[in-house]
Structure formats: C-alpha cells, structure tokens
Student: 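Below you will find the structure I want to go over with you.
All ligand and atom numbering here is 1-based and tracks the order in the structure. Side chains included, hydrogens not; waters and symmetry mates left out as well; all remaining heavy atoms used.
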Amino acid sequence: MAGFPADDGDPVDVLRELLGAAGARPLTEPPLWPSDVADDATPVEFSVAFDESGDRAVRILGETIPQNPGHAANIHAAKRFLTHMAQRFDLRLDRFQAVEDLFLTERPQGKFALWFSVILRPGRAPALKVYFNPQVRGEHAAPGLVAEGLRRLGLSDAYETVTEHALLRGAADRFSFFALDLDDGPLSRVKLYISHDSAESGTVERAAGAVAGVNPLLVREFLTAAGGGTGPYAGRPLISSYSFVEADAGRPGNYSLYLPIRDYVPDDAAARERVLAHFARAGLPAAELDRAIAAVTDRPMAAGVGLIAHVSLRLGRFGTGTTVYLSSEAYAVAAPRTRVGAAASL
Ligand code: TRP
C-alpha cells in the first residue's frame, strides 16, 4: 500500500512491538484492556495523510498493552517500547524527558496515559510521535500541566495564543492531547489539541484564526462538505490542534480540525460520500480513498458505521492536506444507524 516495498520489514516489526501483548492475542479472546484508541477497544487505528503536495504517509496510532495490564503497567510497557525504538531509530527523547514527570503518574485519570503514532513513508525510517493526556491528573489540573509543559519546551507564549482563540467557552473547550514529534528535524513539532463540545463552525473558524495565513473559510467549507453543515456538532466533539516548532516563539505554524465523522452519518457509505465531497473540493483523487479503505476492510460500506472514524483538515505553512482515520474493526463493527440525531453517539 502507498508504495511500500514488500520486503521492508520495519513497519511490521514496529507495529508488533507497539501493540505489545495485545498484538499476539487471538481476536477470538476479549480485549486485554479497554483501549480508547478505537471504539471497539482495538488498541490501534490506521490513518492515511494526503498532502496537497502529493506526499502520502500511512500512520498507526496505538497503545502498548502488556500481558498483565494496569495503569502503571501500561505506562511501563509504553516506555519500554519507546526506549527500544530510540535504540533502533534516530529518535530525540530530550523533549519527552523534559515533560514526562508532568504527564506520567502512577495513578492516571482519564482514558489513556501514553499513546504513540508510527508514521510510515516509503523509503524512510519510521518516525514516532507520542501523545500525553492533559486530563491525566484531573480536569482542573489540565491547564496548569499544559502551560508548564509548553514553558519547559521553550513555548511559553503558545499558551496565551491558544487560550485566546480556542478556549473561549468554559468547560465546553478543553485540552485533550499534548503531543511531541520524536524526530530531530527542524520541523519537529509540539502539538496541542483542544476538544470543543457542541461546537458550531464559528468556534473552530475562530480557533483556525490563530494561525497566520490560514483562511478560516476553508474550515467552514470542510465542515459543510464532510460534516454535512455548520453544526452544532453535539456528538463526539470537534477537535482543534496547533503545531509549534521551537524557532517560532509560540506562534503556531499549523491548524488542524478533526471531525469524528462516524457520529454524524448513518453508515460508512454516507461517510465515504462526504469525504469524497471534500476530496473533490480539495483536488484529491477519489481512487486513493477507496484504495485505503480496501486495504483495511472488504465489508460493504453500508453494513456498519465507524470504519471511517475521523477526517481531518490540516492548514498552514508546514503543509496543507487531509487525513482519513480508519478503524481496524478487529473486535466489532458498529451497526448502521437509521436516523442521525443531533446528539447521535455510539
Ligand atoms: N478514539 C478516540 C476518539 O475518537 C481517540 C482518537 C483516536 C482520536 N484517533 C483519533 C481523536 C483521531 C482525534 C483524532 O476521540
């Protein structure tokens, strides 16, 4: 898929290690741990990033699950995976080490403590991204953790930029992920994600406006095509993210909007149509979406909902593009809905 040579064993090895004991477990047995990576508790989700430039990347979001899972055991297994990857590939762990004591606690709250994404591009070594959970010490601690994390990474000004544009609706807007690229390039990023409960297009247009040169109208057009309208999005929340590189002194270089499309369609046939409507506007080839779908499933699109879990729009100077997130549905396929209500949720 996506031009990978058949003899490149790295991606398969890395995926096996990423999943830990969960990767070796027969699918006939129940999941070892209720991972929130995907709706059916599979600790893995695929995505394909389509860049306007023609670049493509396949990514795997995953949670490492040890044989005897538990909050602390999962964190230890994840860190073992990371140490091993750092020995094998050229990873930069200084930024991880600068903030890990903030986000890793023996008694984490919320839905996860540490996730990874493995980014695969043909002909290149896998790149790794790590996700921390700002809610890990409870809702009230999240702003402080994020502010301190940014400060330690030399991005103090970023906090104000983000709160002024994306955290304007009280408890309805909250920090959901704090992510780091672990490669050593000049564009190695810190990424901050904010979820917006019951948002309308205006909420995320304002959020996109934090990034110089980004046209918020593109956000509205994306939601109209892929989401079916301007909201409110009262099912799973829309999510904003900002990318920062150290050199930019707290000014975000990119904005992304994530639409959990599965909550806003009756089935995957409808989700595919919506994504294709956006692809047509963005000049992306429909056949590439179908190729990605065919790589993960052969079930009829109308037979379930949630295969296409999210679709995101990325805008800014580190590249413009669209990413489609595909569930493995390894444990379960969610039944199609007959009616999509405003608060539709699985
Ligand atoms: N499953 C979770 C959710 O839907 C986390 C998640 C997985 C996620 N992939 C994502 C969130 C892509 C945003 C974008 O919220």
Side-chain angles (χ1 to χ4, degrees), residues 15 18-19 22 31 33-50 57-65 74 78 108-119 129-136 142 166 172-179 189 191-199 204 207 219 222-223 226-227 233-243 254-265 268 271 275 278 292 296 304-315 321-334 343-346:
L15 178 59
L18 168 66
L19 297 183
W33 180 260
S35 176
D36 189 48
V37 164
D39 295 348
D40 68 347
T42 320
V44 66
E45 179 185 74
F46 302 103
S47 58
V48 185
F50 302 91
V58 171
R59 304 185 312 190
I60 303 163
L61 173 68
E63 179 167 9
T64 310
I65 314 284
N74 292 6
Q109 301 177 40
K111 293 179 172 168
F112 78 102
L114 204 53
W115 283 350
F116 297 102
S117 132
V118 179
I119 301 134
K129 192 169 151 185
V130 60
Y131 301 82
F132 293 108
N133 184 355
Q135 306 291 327
V136 75
D173 297 320
R174 60 183 179 277
F175 293 113
S176 45
F177 303 98
F178 187 102
R189 301 158 308 168
K191 250 179 121 174
L192 192 56
Y193 298 71
I194 298 105
S195 344
H196 308 285
D197 285 340
S198 297
V204 288
V219 163
F222 168 75
L223 280 182
Y233 285 86
R236 282 189 178 76
L238 297 180
I239 299 179
S240 290
S241 86
Y242 296 101
S243 291
N254 264 59
Y255 173 81
S256 296
L257 173 64
Y258 305 79
L259 167 68
I261 190 168
R262 65 199 185 285
D263 270 14
Y264 301 98
V265 289
D268 280 300
V275 174
H278 165 69
V296 295
V305 67
L307 175 83
I308 307 181
H310 301 263
V311 52
S312 72
L313 176 70
R314 183 170 67 261
L315 300 167
T322 298
T323 301
V324 180
Y325 299 77
L326 299 173
S327 307
S328 70
E329 299 185 328
Y331 288 116
V333 175
S345 187
L346 295 181

Student: Counting each atom of ligand 1 from 1 as listed, which ones have a heavy atom of Arg262 under 4.0 Å away?
Tutor: 3 (C), 4 (O)

Student: Examine Ile239 against ligand 1 and note whether any of their N/O atoms are separated by less than 3.5 Å.
Tutor: no

Student: Identify, with sequence neighbours excluded, every residue that meets side chain to side chain donor-acceptor pair (under 3.5 Å) alongside Thr323.
Tutor: Arg314

Student: Would you mind reporting whether Phe112 and Phe177 have side-chain heavy atoms less than 4.5 Å apart?
Tutor: yes

Student: Would you call Pro260 and Arg262 a side-chain contact if the rule is heavy atoms closer than 4.5 Å?
Tutor: yes

Student: How about Tyr131 and Phe178: are their ring centres within less than 6.0 Å of each other?
Tutor: no

Student: Please indicate whether any nitrogen or oxygen in Glu45 is less than 3.5 Å from any nitrogen or oxygen in ligand 1.
Tutor: yes

Student: If you measure from each heavy atom of Phe46 to ligand 1, is any distance below 4.0 Å?
Tutor: no

Student: Considering heavy atoms of the protein only, find what lies nearest to atom 2 (C) of ligand 1 and give residue, atom and distance to 0.1 Å.
Tutor: Asp36 O, 3.2 Å

Student: Can you tell which part of Tyr131 has a heavy atom less than 4.0 Å from ligand 1: side chain, backbone, both or neither?
Tutor: neither

Student: Starting from atom 7 (C) of ligand 1, find the nearest protein heavy-atom neighbour and note its residue, name and distance.
Tutor: Val37 O, 3.3 Å

Student: Using a 4.0 Å heavy-atom cut-off, say whether Leu61 meets ligand 1 through its side chain, its backbone, both or neither.
Tutor: side chain

Student: Only one of Lys111, Glu45, Glu63 passes side-chain hydrogen bond (donor to acceptor under 3.5 Å, both in side chains) with Ser35; say which it is.
Tutor: Glu63

Student: Pull out every atom of ligand 1 sitting under 4.0 Å from any heavy atom of Trp115, numbered as shown with elements.
Tutor: 5 (C)

Student: Where the closest heavy atom to atom 15 (O) of ligand 1 is concerned, which of Arg59, His310, Glu63 has it?
Tutor: His310

Student: Donor-acceptor check, side chain of Gln135 to backbone of Ser176, threshold 3.5 angstrom: yes or no?
Tutor: no

Student: What pairs with Thr64 under side-chain contact (heavy atoms from CB on, under 4.5 Å), at least two apart in sequence or on another chain?
Tutor: Leu18, Ala77, Ala78, Phe81, Phe116

